Structures are given as C-alpha cells and as structure tokens.
Amino acid sequence: MALNLEFTMDKETYRHSLNGHEMVMHSHHYLALITKMVEDLTDLGGPEILSDVTEETMIMILNDYFQKHGLNDSEERLRAGEDYFSTFGLGRMHVSGDADGGEARLTSSHLDEGWTMKWGPHDKPVNHLACGFISAIFSAAFNKSAKSYGTTETASIITGEPESAFIVTAL
Amino acid sequence: MTVMRDTAVKALANVQVQSDENGLIPEYEVLVNLLPIKLLNAFSERIMAAAPPERKAEVEAGLVRAAYECGYHTGCGIITSDIFNDVVMPMVTEDEKDILRGAYAAFTAWGWAKSGIVQLKPGEKMIIRALDYYEADSGGEGLRGFMLRGLSQAFFDLAYAETYPDGMDTFVCHQTKGIEVGDPHGEFVVVKK
C-alpha cells in the first residue's frame, strides 16, 4: 500500500504541512545533536523524553490518517507506519507483529547513518526517536493508547551492524 | 540588483524534498529529515521542564547548538545548491549581504521562520525580525526561539567568519523579543562572540 501524501503550505506563514500536520525540515546534524544531548541528559530522563514525545505525536498523526482514509486492517496500518517513517526521511523500516508485540528492523537509518557521518560509530544503540516511532505504530495499529508498548533497540547500524533491530513488547 | 525577497521566497517555497528507496533524503550535502512541529516543540518543552533551575541554561544551550550546527553545515549546502544558484544567485550584487538576504528568504519559504534582516553591519552585527516561527507555539515560559538563534548565528558565521568549515563560533545570537512572550514579533541580534 502506498501512503497518500498531501503536502500543503500556509500562504501567510509559509509553514508546510503533510496530511494536515505541520512539518519542518532539518538535517542529520540536528537529529544527531538532539540525540547526543538526550544521552548526555540521561539523568534527567532525556532518552525517555525523546521517545515519549515521538510516540505521542506519531500516535496522533497515524490515528488521524487511519480515520481519514478508513484504514482498519492492522497489517495495512503497520505498512502505513513504515511509510511515514520513510516519508520523513528517517530510513527504511520493516515491522511485524500482532497486538501482543513484535519486532522491527531498520535496513537504513537517518539517525544512525547521520551520527556515523558526523562522529563515527558509537558503542551502543541510541535511536530513541525510532523506539518511540515504533511504539506509536503498534499502539495506533492495534487501537491502543500511548505507553501500551515498550520498544527496545537490540542491535544498531550505529555500532556497525548491517541493520538495526527492535523488540516490541505489550506492557 | 539585490535579492528580491518575494521572488526568492515564492520560488524556494515550491521546493519539495522526497525520500529515496532507502527512506533517506540526501540533499544539500546532508541527510534531510521532515519532522512534525508538534514533536519538536513538545521535545523542547519537556526537556526544559525536566531540567532543574541550575541546569536550564545547559539544556537551552544544547537546543541552540543543535540548530547552530545543523544551520552551519546544511547552510553551506543550501547556499551552494543548484536551487539557490538558480533562484538567488542571479540577484546577488552585494556579495555576503545578498546571500544572507537569500538565506532568510529560504528560512521563510521552508517554514522555519517568516523572517528577514532589518539591520546589517557587515561582519559586525545583524538584527532579524521574525513575524512567525514555529517555536513561538511551544507553550513554554520565556523566550523560545532556540532554532532561529542557532540558524542566525550559523548563517552570519558562514557569511562573515573564516571560510567554511573553519568559521564556527565566531558570532553569537541573542533573542531580544518574542511572539511567545507577547511581543508583536521575534527579534534576534547577532554580534561578535
């Protein structure tokens, strides 16, 4: 299934939207530095904050899309979530599972490849944004609220693995 | 002829980025991403709220730094890109001044901030006025234009500091007014660090 993409622009403010939600362009430098910042602020819950705001925002965007397009099948919803990830330029995601949880893989990743371009490889997975995104896909696909799933990154392109891998568990 | 802002904004506003078969957007010598404004604003507010008073400056500096480095590296890619060459460079007659005018046309066209230069002393000082910027919606207390501060500093460094990539951190940008605190517009002042 291909995602329906409607790009619009407010003629007064020049803000851009995708499917009715305001979006803005940044680069891998931005996301790498934000990710580095939350790693440095682990004592303040930085990684969880990045993951949580991503999950909450993406649940809203995905639910809105599913409702507007009458998308009720869970498998189709998972595919739409993957397509959103790619449309945002965040990489290629492959998700599988059911309401009890599942797994996800990234065969390419904006954050991991961007971080590596900027600083070289890292010694542990740090894709907190993808964790929140994946939790959101599962919650939206199976009609659950935020914090219904926990996502853990178990392997990462950033450490030199060919793919990033994530385990999704129903909470 | 100097840069005709409306012409540049209209032409640049039509630029649309699209991901490739790997779900990536390689443009302007970087990997571009598209992120929801709600996510970015919620992140800034949540991380600022999590910081105790004595660490808020550290968090604020991190948010500005992310925008600054993004702006410095991506900015170099933008002002040397085909689209900038096609749209802006034919109107450039005042070198760095016009390139900066073109850059703020791009900031406006791409939805970062409806902004422009109101005062410019080459190599010394620049004052930016922003009539709309997405961080004004963040809902936090106090001035919140972290992204536009970082971008303004970055582009002044690109224009007047040492040649890329050696000119980082030559200038600094302070926000002096904000829509988010009730001012009619945001104001950003770039000076030597």
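Everything numeric here is computed off the predicted structure, so don't read it as measured data. Naming convention: chains lettered A, B, ... in sequence-line order (proteins, then strands); numbering from 1 in each chain.
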Most chain B-contacting option - heavy-atom pairs closer than 4.5 Å, from [options]:
options: A:R15, A:M58, A:H16; value: A:R15
options: A:L44, A:V53, A:V24, A:I49; value: A:V24
options: A:M117, A:E113, A:H110, A:M37; value: A:H110

So which of [options] has the largest heavy-atom pair count under 4.5 angstrom toward chain A?
options: B:G77, B:P36, B:G150; result: B:P36
options: B:A42, B:S19, B:A66; result: B:A66
options: B:G71, B:P52, B:G111, B:G62; result: B:G111
options: B:T74, B:V17, B:V30, B:L35; result: B:L35
options: B:M147, B:R55, B:E58; result: B:R55
options: B:V9, B:L40, B:L131, B:T108; result: B:T108

Other residues, nucleotides and ligands only: do more than 12 of their heavy atoms fall within 6.0 Å of [atom1] on [X]?
X: B:K10; atom1: NZ; value: no
X: B:E54; atom1: CD; value: yes
X: A:Q67; atom1: CD; value: no

Got a second to check how far [X]'s [atom1] is from [Y]'s [atom2], nearest 0.5 Å?
X: A:Y14; Y: B:L12; atom1: OH; atom2: CG; value: 10.5 Å
X: A:D112; Y: B:L31; atom1: CG; atom2: CG; value: 11.0 Å
X: B:S44; Y: A:I34; atom1: OG; atom2: CD1; value: 6.5 Å
X: B:L34; Y: A:L18; atom1: CG; atom2: CG; value: 7.5 Å
X: A:S27; Y: B:I25; atom1: OG; atom2: CD1; value: 11.5 Å
X: A:Y30; Y: B:L63; atom1: OH; atom2: CG; value: 6.5 Å

Listed by chain and number, what are the salt bridge (charged side-chain N to carboxylate O under 4.0 Å, His left out) partners of B:D169, not counting sequence neighbours?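 B:D169 satisfies salt bridge (charged side-chain N to carboxylate O under 4.0 Å, His left out) with B:R65, B:K193 only.
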
Say whether, by atom type as modelled, one donor and one acceptor occur between the side chain of [X] and the main chain of [Y] under 3.5 angstrom.
X: A:S108; Y: B:N22; result: yes
X: A:H28; Y: B:N33; result: no
X: B:W112; Y: A:M25; result: yes

Hphob cluster co-occupancy, [X] + [Y], side-chain heavy atoms under 4.5 angstrom:
X: B:Y160; Y: B:V172; result: no
X: B:M168; Y: B:Y28; result: yes
X: B:L151; Y: B:I117; result: yes
X: B:V189; Y: B:Y133; result: no
X: B:I47; Y: A:V126; result: yes

Interchain contact, [X] with chain B, by part (heavy-atom threshold 4.5 Å):
X: A:S17; result: neither
X: A:M93; result: neither
X: A:T57; result: side chain
X: A:T107; result: neither
X: A:K118; result: side chain
X: A:D43; result: side chain
X: A:H21; result: neither
X: A:I61; result: side chain

By a 4.5 Å heavy-atom criterion (distance strictly below it), what part of [X] contacts chain A: side chain, backbone, both, or neither?
X: B:A13; result: both
X: B:Q18; result: neither
X: B:E27; result: neither
X: B:D137; result: side chain
X: B:Y68; result: neither

So that I can tick it off, tell me whether A:E56 and B:R46 are bridged by a salt bridge, with the cut-off set at under 4.0 angstrom between side-chain N and carboxylate O.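 Salt bridge present between B:R46 and A:E56.
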
Salt-bridged, B:K114 to A:E12, with N to O below 4.0 Å?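 Looking at B:K114 and A:E12, the cut-off is met.
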
With side chains defined as the heavy atoms from C-beta onward, is the minimum distance between A:E22 and B:Y134 less than 4.5 Å?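 Contact flag for A:E22/B:Y134 side chains = no.
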
Any heavy-atom pair between the side chains of A:V38 and B:F43 that's under 4.5 Å?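 The answer is yes; the side chains approach within 4.5 Å.
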
Indicate the ring-plane relationship of A:H29 and B:H73, choosing parallel, tilted or perpendicular according to the 30° and 60° boundaries.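 Correct class here is parallel.
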
Over all atoms of both residues, closest heavy-atom pair of A:R92 and B:E21: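 Closest approach of A:R92 to B:E21, heavy atoms only: NH2-O, 2.7 Å.
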
